[in-house]
Amino acid sequence: MANNTVKTTVRKESFINRMGGQKFIVLLVAIALFLVFCAASPGYRKTTTFITILDYSYYIILMGIGVTFPLITAGVDLSIGTGMVCYALVGGWLIRFHEWPTGAAMIVCILFGMVIGLLNGFLVAIMELPPFLATLCTSMITRGIGSVIVGGFGIPWPTAGADNAWYRNLFKLSNGSTIIPIGLLWMILIVIIMSFVLNHTKVGRYTIAIGSNKEATRLSGVNVRFYHILAYVICGFFAGLAAVSYAAVVPTVQPGTGAGFELEAIGGAIIGGVSMSGGIGSVTGTLAGVFVIVLLKTGLPFIGLTANWQQIITGLVLIGAVLIDIIKTKREQIK
Amino acid sequence: MANNTVKTTVRKESFINRMGGQKFIVLLVAIALFLVFCAASPGYRKTTTFITILDYSYYIILMGIGVTFPLITAGVDLSIGTGMVCYALVGGWLIRFHEWPTGAAMIVCILFGMVIGLLNGFLVAIMELPPFLATLCTSMITRGIGSVIVGGFGIPWPTAGADNAWYRNLFKLSNGSTIIPIGLLWMILIVIIMSFVLNHTKVGRYTIAIGSNKEATRLSGVNVRFYHILAYVICGFFAGLAAVSYAAVVPTVQPGTGAGFELEAIGGAIIGGVSMSGGIGSVTGTLAGVFVIVLLKTGLPFIGLTANWQQIITGLVLIGAVLIDIIKTKREQIK
Amino acid sequence: MGEVILTMKEIDKSFPGVHALDHVNLEVKKGEVHALMGENGAGKSTLMKVLTGIYTKDSGTITFEGKEVEFHNSREAQDAGIVIVHQELNMLGHLTVAQNIFIGREFKKGMRIDDKKMNEEAKKLFDRLNIDIDPKETMSKLTVGKQQMCEIAKAISHDAKVIIFDEPSAALTETEIEELFKIIRDLRSKDLGIVYISHRMDEIKVITDRVTVMRDGTYVGTLITEDSTKDDIINMMVGRVIYEDPKTESMVPKDAPVVLKVEHLKAGHMVNDVSFELHKGEILGFSGLMGAGRTETARAIFGADPIESGDIYINGKKVVIKNPQDAVANGIGYLSEDRKRFGIVVDKTVAENTTMANLDNYMSGIFIDKKKERDVAQKYVDDLATKTPSVDQLVVNLSGGNQQKVVIAKWLTRDCDILIFDEPTRGIDVGAKSEIYKLMNQLAADGKAIIMISSEMTEILRMSDRVVVMCEGKKTGEIGIAEATQENIMNMATREIG
Amino acid sequence: MVAGLLAGCGGSSKSTEKAGSTAASSDGGSYHFEVVVKSFQSTYWQAAIQGMEQAKEELGITYNPTGPNAESDIADQVNMLNSAINAEPDGIALAACDASAVLDSLQTALDKKIPVVCFDATVPDAPEGSVYSNVVTDNGAAGAIAGDKLYEAVKDKLGKGKVRVGEINQDATSANITERGMGFINKFKELAEADGHKVAVIGNDFYVGKVEKNAAEADADIVLEVAVPSQTTVDLCTTEALNIMNKDDTIAIFGSNQVAAEGVIAANANLNVLGDKIVAAGFDAGTAQKAAVKDGTLLGSVTQSPLMMGKGAIETLTKICNGEKVEMEQPTDAAWYDADNMEDKEIAPNLYD
Ligand SMILES: Nc1ncnc2c1ncn2[C@@H]1O[C@H](COP(=O)(O)OP(=O)(O)OP(=O)(O)O)[C@@H](O)[C@H]1O
Ligand SMILES: Nc1ncnc2c1ncn2[C@@H]1O[C@H](COP(=O)(O)OP(=O)(O)OP(=O)(O)O)[C@@H](O)[C@H]1O
Ligand SMILES: [Mg+2]
Ligand SMILES: [Mg+2]
C-alpha cells in the first residue's frame with residue numbers, strides 16, 4: 001500500500017532548548033555566580049552592594065544591547081567604549097562650561113552617539129569597509145575628539161545634590177535611608193522594547209536578514225543600505241544613553257579612557273548567544289551575558305581574589321559558560 | 001558547429017592591480033607617510049630615529065604576520081597582545097630569578113606562545129567557540145598568568161652590555177658608532193618565508209581554503225581540524241617571537257600591559273588586505289599595513305601633534321588608506 | 001497565447017574577461033511558457049539578471065508592456081511586475097519560511113510585523129500550491145528541494161505579470177516537478193508570461209509553448225515547441241544530435257567482486273538499517289522521493305556525518321570511517337548535491353579547486369607545484385569541456401553547470417575506486433550531461449564502482465546497472481535494470497514497510 | 001587637623017552598634033582592612049604591598065588588597081572601592097586613581113562610619129570627616145626636586161640662545177603624575193625666571209593650561225616642552241622622548257614616572273645623547289633606571305617610598321581603630337638619588353628592581 005505522507009516524528013526538545021538554549025544556560029550561570037558570591041562573602045549579599053553592582057552595570061548593559069544590532073548584521077562596533085566616554089565628556093563640558101541645562105546635554109550625548117553611529121554605518125554599509133577596521137578607526141577618532149573638545153581635563157557631571165543633578169534620580173531614587181534602583185526598571189523596559197524591535201518590527205527583521213544573507217535580502221527588494229546603517233545608528237544611540245548612565249555613576253569622566261568597555265559589551269553579547277557571523281542573537285541573551293560579565297567583575301574581588309586571579313577566573317568562567325551550550329548541542333546532534 | 005572556447009576579451013588590468021591592488025596602495029601610503037614625516041621634521045630623518053622606529057616595529061610586525069593566519073581562516077586572535085607580554089615576562093623571570101640561559105628562555109617564550117596558540121586552536125577548531133570570544137578569554141587568562149607567575153613585578157631582560165644580552169644583537173648590531181638594524185633583515189626573511197608558506201605549501205593552501213569554505217574543504221578529505229588549529233599555533237609561535245623582540249627593546253616588561261597591541265597587529269593586517277571573513281590575505285600586505293600603523297604611531301609626535309590629535313589623525317589616515325582601494329575597485333566595477 | 005508583454009532586443013553585456021551576452025533577443029507573450037535554453041554558460045541567467053535589474057546592460061533595449069524600461073534593482077522590477085526565482089538559492093537561513101516569503105513586504109499591525117498573519121498567508125499559499133511545508137520552520141533546516149519550493153512560492157505570491165524560473169527543477173524530485181507544472185499551468189491560464197529555464201528536455205516538451213535557444217552568449221533562434229522535436233532543439237543548442245536512451249541490461253559481469261558492502265547502517269535522524277552491496281564496475285542508482293535519506297546515507301558512508309551503528313566493508317575488509325579523510329584514504333570520493341555549500345570553494349580558482357582533494361600529488365617537496373596543478377586543471381577543463389577563460393578564473397564566476405564540472409574534476413584527479421555522485425547532473429546542460437554520462441560509463445568500464453544518487457527518473461533508468469530505492473531512511477527495494485520501470489521504482493519509493 | 005578619633009571602629013559607638021556582626025574588631029586586636037590600590041601593574045605597588053605585609057606581621061591585622069588592571073581604569077576602581085565598603089571592614093586604605101571619582105563612595109563610607117586612610121594620592125574634596133589621614137608623598141615637592149637638580153645641571157648652558165627642556169608625563173589624568181609634572185615645571189620656571197630667563201611651556205594642553213603667566217614661545221629663551229603619549233605604553237613614551245631628544249636645542253629632559261623615565265632611557269638606546277649633550281632625570285626606580293643612574297646616563301632620579309607609604313597606611317588605620325589620635329597629613333618624603341648616594345641605607349630599600 002502506497003503511503004505518501006511523510007512521517008514526522010515530533011522532535012522532543014529538551015527543557016533548556018525550549019527555554020531559549022544558550023540564553024537560558026547563561027542566565028543560570030549568572031544566577032549561580034550571584035549565589036556563589038553571596039554565599040562566599042557577607043559583604044556581597046547586602047542590598048547596597050547589589051545597588052552598586054547595578055549602578056556599574058547599566059552602561060555595559062546599554063552598550064551591549066546597542067552592539068547586538070551591528071553584531072547581528074555580521075558586523076561589530078568597537079567604537080562604543082571610547083565613544084561613550086567622548087559623549088559623556090562633551091555633555092559634561094556643555095553643562096559645566098557652557099551652562100547648558102542637563103537635559104539638553106543628555107540629548108547632545110545621544111545625538112552625538114547617533115552621529116558616530118551614522119558615520120560607522122556609512123563606512124560599513126556604503127563604503128564597504130570591514131566593520132572591525134572602520135569602527136576601530138572611529139574608536140580612535142572619538143577618543144581624540146573627546147579630549148580635544150574638553151581640553152584634556154576630566155569633566156564631572158553635576159554631583160548628587162546639585163541643582164541640575166536630577167538626572168541621577170533617573171537611575172536611583174534615594175529616600176533618605178532606602179535606595180530604589182529604578183535604573184533596573186529602565187533596563188527591563190528597554191530590553192522589552194528592543195526585544196520587540198528585534199523580533200517584531202521591520203528594523204529587527206531586516207537586521208537579521210542582512211546578517212543571514214545580505215545579497216539575498218537586497219535581491220528581495222529591501223533597502224539594505226538603510227537598515228544596515230540603521231543598525232549602527234541604533235548602536236550609537238545606545239552608546240549615547242550609556243554615556244548618560246556612565247556620567248551618573250562616575251563623578252569625573254576622564255578623557256582618554258573607555259577603551260575596553262566595548263569588549264565587555266561585545267563579550268557579553270556573544271556569551272548571550274549573538275553570533276559574530278550574523279543572523280543570530282537576542283536582546284535578552286545579551287542581557288544575561290552582560291550580567292555574567294558584570295557579576296564576575298564585581299564579585300571576584302569580594303571572594304578575595306587579586307586582580308590577576310580575577311582575570312584568569314573571568315576568562316575561564318566565560319569559556320565555560322559558552323562551552324556548556326556547545327557541548328550540549330554536540331551531544332544532542334550525535335544522538 | 002560546436003564552439004567550446006569562451007570568447008575572452010583580454011582584461012586590461014590597471015598598473016595598481018598588477019602590483020597587488022590594496023597591498024600596493026598601502027605600501028604607497030606607508031612611503032608617502034614616511035616622506036611627509038621626514039620632510040616635516042628634521043628629527044625624524046635621522047638614522048637613529050629610523051632605527052628606533054624599526055626597534056618598535058618588530059614585535060608588531062611579527063604579531064601581524066602571525067595573526068594573518070587565524071584571520072585568513074575567518075577567525076581572529078585577540079590574545080596575542082597580552083600573551084606576548086606574558087611570554088616576555090615569564091622568559092625574563094626565568095633568566096633573572098632562575099638563572100636560565102637567555103637562549104633557553106627565548107625558546108620557552110616561543111613554546112609558551114605555541115601552547116596558548118594550541119589552546120586557542122582547540123577552543124575554536126574542536127570546541128567550536130567563536131574565535132573572538134575564545135581568544136578574548138585567553139587574552140584575559142594570559143594577562144593574569146603572566147602577572148601571577150612573576151608575582152606582579154616588572155621584569156627587565158638582560159640589558160645591553162650584560163653577559164647574557166647577546167640576544168639583543170639579533171636585532172641590532174652596533175659597532176661603536178654605527179648601528180646596523182639586522183632585525184630588518186630578519187623581518188624580510190620571515191616575510192619571504194611566510195609568504196611562501198601561505199602561497200606555496202599545503203599549510204597555506206588549506207588555511208585559505210578553511211577560511212573560504214570550511215565544510216567543502218572538510219568534504220575534500222582535508223584534515224580541517226589539524227590545519228585550523230595549526231593556524232592558531234603559527235600565530236602563537238609568532239607571538240612568542242614577538243615577545244623576544246619586545247623584551248629586546250623595552251627596558252622593563254610590565255605585567256598587566258599588552259592589551260591594545262593586538263589591535264595594532266590586526267588593524268595592520270586588515271589594512272594590508274586581509275579579509276576578516278576569511279579566505280583572503282597576504283603576508284606582504286600585512287607587512288605594509290603594519291608599517292602604516294607603526295609610521296603613524298611614531299611619526300605623528302614628530303610633526304608636533306599632541307596625543308589627542310594623534311589619535312584622530314591615525315583613525316582618519318587608516319580609513320583613508322582602505323578607502324582609496326575600495327573607491328578604486330568600485331569605479332572599476334561601474335566601468 | 002496573447003499579445004507580447006516583454007521584448008528584449010540586442011542585449012549586450014560583458015564581464016571582465018567574458019562577453020556574456022552578445023546582442024541577444026527575447027520575446028515573451030502573455031499566457032505563454034517560454035523556454036530559454038542553452039548550454040552551461042550560454043548566458044541564460046545573465047540575461048535574466050539584466051532583465052530584473054541585478055546587472056546593468058551595456059547596450060540594448062527592454063520593452064515591457066509597450067514601454068521601454070530600465071530597472072536599477074530587483075525591487076523596481078518586482079514593483080513593475082517581473083519576478084524571478086533564482087538559480088542559486090537566495091534564502092535567509094536564520095529566518096522562518098514565512099518570513100522568507102514575505103521579506104521586504106511584511107504584513108503589519110501598526111508598528112508590529114504580523115507574523116501570525118504571515119504564517120497564515122504562507123500556509124494558504126502552500127495549500128493552494130499543494131506544498132507540505134511548515135511556514136514556521138527555520139529555512140536552513142529544510143532540504144534543498146523544499147527550499148526551492150519556498151523560493152517558487154515566494155515568487156508566485158507576488159502579483160506578477162512575468163515570472164522567471166531559472167532552473168527550478170534542478171533541486172526538485174519528480175513529484176515536486178509535477179506540482180510545479182500544475183502551478184505553472186495555472187499561472188499560464190491567468191495570462192502571465194513565464195520564462196522557464198531548464199536543461200531537462202522532457203520538461204521542455206511537456207510544459208513550454210515556445211523555445212528560445214542561446215549559444216555562447218548569442219541568440220540562435222526561437223521555435224514553437226509543438227512544431228519541433230527534441231533533436232531540433234538540441235541541435236540548435238550544441239550543433240549536433242545527442243541520443244538519450246534507457247539502459248536495458250546491466251553491463252556488470254556476474255562475477256564482479258564486491259568492493260563496498262554496507263550492513264545495517266544507522267546514522268543521523270534518517271538513515272535506518274540500510275544494507276547494500278556495490279560491485280566493481282557497477283553504477284548503482286539510488287532512487288527515492290525527496291528526503292528519502294539517500295544523501296544522508298552517502299554522507300554517513302563518506303564520514304561526513306557520524307555513524308551510529310552498522311558496518312562498512314571495502315573489498316571484503318571491515319573499515320572504520322570516522323571522517324572524510326578516512327573515506328578518502330579508503331578510496332571513496334563524494335560529490336555533494338549542494339555544490340555551493342559542500343562542493344567548491346567559490347572564491348578560489350578552478351585550478352585550486354581541482355586539486356583540493358589530492359594536493360599530495362601536486363607537491364614538489366613541501367611546495368605546491370603550481371605548474372603541475374594548472375596543467376591537470378587544464379586537462380580536466382578540456383576533457384569536461386568546462387567553460388572558463390582560464391584555470392585561474394575564480395569558480396564563483398562560472399555558470400552553475402560549469403561549477404559542477406569543476407567538482408567532478410576534483411574527484412577525477414583523485415582516482416578513487418568508489419565514487420558517490422549525489423545528483424551529478426543537477427543543473428547541467430544536455431551536452432555536458434551526455435559528456436558526464438560518457439565519463440561515468442568510462443569510469444565504470446575502467447573498474448570503478450559508482451553510486452549515483454539521482455532524483456531524475458530518466459537518469460536512473462539510463463545510467464544504472466542496478467537500482468536501490470529508499471523511502472523514509474530505509475531501503476525499500478532493489479531491482480536490476482532489466483526489470484526496472486518508472487512504475488515499479490515509484491511504487492517502491494512510496495512503499496510502507498514494516 | 002585631627003579627624004574623627006571618636007568614630008574609630010574600636011571606639012564605643014561602633015562596637016556597640018555592631019557588636020554581633022564584627023565581634024573580632026571589638027577585641028581591638030585583629031582588625032581587617034580593605035586596601036584599594038591604583039593597580040598591580042607596576043612594581044611600585046608591589047613595594048607598597050610589601051610595606052603592608054610588614055605592618056601585617058608587626059600588628060597582627062589582616063588586609064585584602066584589590067586594584068584595577070590599569071591606573072586609567074577609574075570606573076573599575078570606584079567599583080572595587082564600593083565593594084570594599086560593602087564588605088564592612090574595620091578600615092580602608094585607598095590610593096585613588098581619580099580624586100573626584102571616589103567622592104560618592106567616600107560619602108557612603110562616612111555614612112557607614114568606616115574610616116578611610118588615603119595613601120599615595122589624596123582626595124582633596126573628600127567629604128568632611130570621611131578621610132582620617134593622608135599618607136602621601138608630596139608629589140609637587142617631589143617633582144620640584146627634579147626641577148631643582150636639572151636646573152643646577154644646565155644652569156651654565158643657559159643664556160646662550162634658545163634652549164629646550166623636555167618633560168615626559170605618562171598621562172594627564174592621574175593626580176600624582178600631574179602634580180609631579182607641574183612641580184617640575186613650576187620649580188624650573190621659578191629658578192630660571194629668578195635668573196632673568198623667560199620660560200615658555202608648550203605641548204600638552206592640560207599642562208600648558210595649568211601654567212600661570214606663561215610666556216610666548218617666540219619671546220622665551222627657554223622652551224619647556226611637555227609631552228604626553230596617546231596611550232600609557234613604553235613604546236609611545238619612547239617615541240615622544242625621541243622626538244624631543246632629537247631636537248638640536250634640547251639640553252635636558254625629565255621623565256615623571258617609571259614608564260616615562262624608561263621611555264627616555266629607551267629613546268637614548270640608539271641616539272646616545274644623554275649624559276653629555278642632554279641631561280636627564282627620572283622618577284621612581286626599576287632595574288633599567290637604576291642602571292642608567294649608575295652609569296651616568298641619567299643624572300639622577302627621584303624616589304618616593306612606596307614601602308613606607310604602604311606600611312604607614314596600615315599603621316595609621318590600626319591606630320584609628322585603636323582610638324588613637326592621628327595626624328591628617330603624614331607626608332612621606334621623596335628623595336633624590338644619583339650614582340653617588342644610591343647605595344646609602346636610607347635610599348637603597350626604596351629602589352625596587
Ligand atoms: N559576475 C560575473 N563575473 C564574470 N563572469 C560572469 C559573471 N556572471 C556570469 N559570468 C559568465 O558569463 C557567462 C554566462 O553565465 P550564465 O550564468 O548566464 O550562464 P547560464 O546560461 O545561466 O549557465 P547555466 O546553465 O550553467 O546556469 C559564463 O561564462 C559565466 O562564467
Ligand atoms: N528530524 C529531522 N530534523 C531536521 N531535518 C530532518 C530530520 N529528518 C530528516 N531531515 C531532513 O531530511 C533529509 C534527509 O534526506 P536526504 O537529504 O538524505 O534525502 P535525499 O533522498 O537525498 O533527498 P533530497 O533529494 O532532498 O536530497 C536531511 O537532509 C534532513 O535535512
Ligand atoms: Mg544559469
Ligand atoms: Mg539528496
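Sequence lines set the chain letters: A, B, ... in the order given, protein chains first and strands last, and positions in each chain run from 1.
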Can you tell which of D:Thr238, D:Thr233, D:Asn204 has the highest number of heavy-atom pairs within less than 4.5 Å of chain B? D:Thr238

Here the gap from B:Lys297 atom NZ to D:Asp235 atom CG, rounded to the nearest 0.5 Å, amounts to 3.5 Å

Taking atom types as modelled, is there a side-chain donor on D:Glu240 or B:Gln310 under 3.5 Å from an acceptor on the other? yes

Looking at every non-hydrogen atom in both residues, tell me the closest pair between D:Ser230 and B:Ala307 and how far apart they are. CA-CB, 3.5 Å

Hey, could you give me the CG/OG1 distance between B:Leu300 and D:Thr239, rounded to the nearest 0.5 Å? 10.5 Å

More than 12 heavy atoms from other groups under 6.0 Å of NZ on D:Lys277: yes

Where does B:Phe50 contact chain D at under 4.5 Å (heavy atoms): side chain, backbone, both or neither? neither

Heavy-atom pair count under 4.5 Å with chain B, highest-scoring of D:Leu271, D:Asp205, D:Val234, D:Ile244: D:Leu271

When rounded to the nearest 0.5 angstrom, what distance separates CG in B:Leu305 from CG in D:Asn243? 10.0 Å

Under a 4.5 Å heavy-atom cut-off, does chain D meet the side chain of B:Pro156, its backbone, both or neither? side chain

Bottom line for B:Tyr56: the part with an atom under 4.5 Å from chain D's heavy atoms is side chain

Does any backbone or side-chain atom of B:Thr298 lie under 4.5 Å from a heavy atom of chain D? Answer side chain, backbone, both or neither. both

Can you tell me how far apart CH2 (B:Trp157) and OG1 (D:Thr287) are? Round to the nearest 0.5 Å. 14.5 Å

What distance do D:Asn246 atom CG and B:Thr52 atom OG1 have between them, rounded to the nearest 0.5 Å? 8.0 Å

If every non-hydrogen atom of D:Asn270 is compared with every non-hydrogen atom of B:Thr48, which pair is closest and at what distance? O-CG2, 3.1 Å

Heavy-atom contact with chain D under 4.5 Å, split by part of B:Phe261: side chain

When rounded to the nearest 0.5 angstrom, what is the spacing between CG in B:Asp55 and CG in D:Leu242? 10.0 Å

Taking B:Thr314, B:Thr306, B:Thr252 one by one, which has the highest count of heavy-atom pairs under 4.5 Å against chain D? B:Thr252

